[in-house]
Amino acid sequence: RMDNITATFTRREKNPHIFTLIENRNWKKIRKILKSTKAFRITEETDASNLSCLGLATGHEAPVDILEALLQVNPPLIDSIDSFGATSLHIGCLNGASLESIQTLLGKSPKLACQLDHDNRAPLHHAVEYAAQSGNMQNPYTEVIQALCMAAPRMVHCLDKADDTPIDLVQVVKVQITDKSKEYYRLDYIYKILQRFSIQIYSEDKAKWETEGYDQDTHSLCGNISTNSKSTNSKSSGTS
């Protein structure tokens, strides 16, 4: 999946000018463009994979004021989806975007935390995978994971096309570490964050079932958004 998104940054017939500026991190020039009369038309441009300038900017660590300016000029960008079904939030999580960037996107559209790409992955899947594989002790990405869990806690039980939940993704990396190293404890901390939300969801559902009876709708992960997820079938439910 990482290769798919990375490819959207490079596989273009011809870059829109603003894409080149974003890739070169020429934020000063972009700020000037976004104040011009042509700003809306320029921000409407996409690449061959339908990637928007907001998605590209989020993936290239654009300053928050750039993201805000893009959305002020062209508010519908928040709902843009590329050819892989990825939103700007998916792309940001996949590439380790800052907590401030993630919060900016969620602040504009909280439902982004529930949207699934063509691999049936929520942004939380990508954030956990990035955190698990990055090995970054200075930025373990736990604050972003917590923010996503708070925005859409039931995503911890979301199964992707490989039948993996976000909990499974961190566990797969964790079990490969035999010694109780700093890396092991970093991964274990990520696991415990997800486990805490998993237990919270189970407790809430159990209390509801006991008072109202079992209801299939309690397995709905985010409103009316359709997924193929079943928390009870996850490889690592996180409730034990």
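When reading the values below, keep in mind they use all heavy atoms of this one structure, side chains included, and skip hydrogens, waters and symmetry mates.
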Study note, to complete from the structure: Looking only at heavy atoms, the pair that brings A113 and L106 closest together is CB-CD2, 3.8 Å
Practice item. Output the distance between atom OH (Y191) and atom CZ (R196), rounded to the nearest 0.5 Å. Key: 13.0 Å
Study note, to complete from the structure: So OG of S88 and CD of Q115: to nearest 0.5 Å the spacing works out to 10.0 Å
Review point. Is it the case that D117 and H126 place a side-chain donor and acceptor less than 3.5 Å from each other?
Key: yes
Review point. Residues in side-chain contact (heavy atoms from CB on, under 4.5 Å) with A69, at least two apart?
Key: L34
Practice item. Starting from the C-alpha separation in whole Å, work towards a yes-or-no answer on side chain to side chain donor-acceptor pair (under 3.5 Å) for T87 and H90. Key: CA-CA 5 Å; T87 66; H90 283 102; 3.0 Å; yes
**Study point:** Heavy-atom neighbours of E143 CD exceed 12 at 6.0 Å
**Key:** no
Exercise for review: Would you mind listing every salt bridge (Lys or Arg N to Asp or Glu O under 4.0 Å) that reaches into residues 173-183, with sequence neighbours excluded?
Suggested key: K174-D188, E183-R186
Point to revise | Exercise: do S101 and T104 side chains pair donor with acceptor under 3.5 Å | key: no
Check your understanding: Just checking, any donor-acceptor pair under 3.5 angstrom between side chains of S80 and S52?
Key -> yes
Check your understanding: Is K108 salt-bridged to D79, cutoff N-O under 4.0 Å?
Key -> no
Review point. What distance separates R25 CZ from I30 CD1, expressed to the nearest 0.5 Å?
Key: 10.0 Å
Check your understanding: Short question: side chain of Q176, backbone of V172 - any donor-acceptor pair under 3.5 Å?
Key -> yes
Exercise for review: Answer yes when E204 and K208 have at least one side-chain N-carboxylate O distance shorter than 4.0 Å, and no when they do not.
Suggested key: no
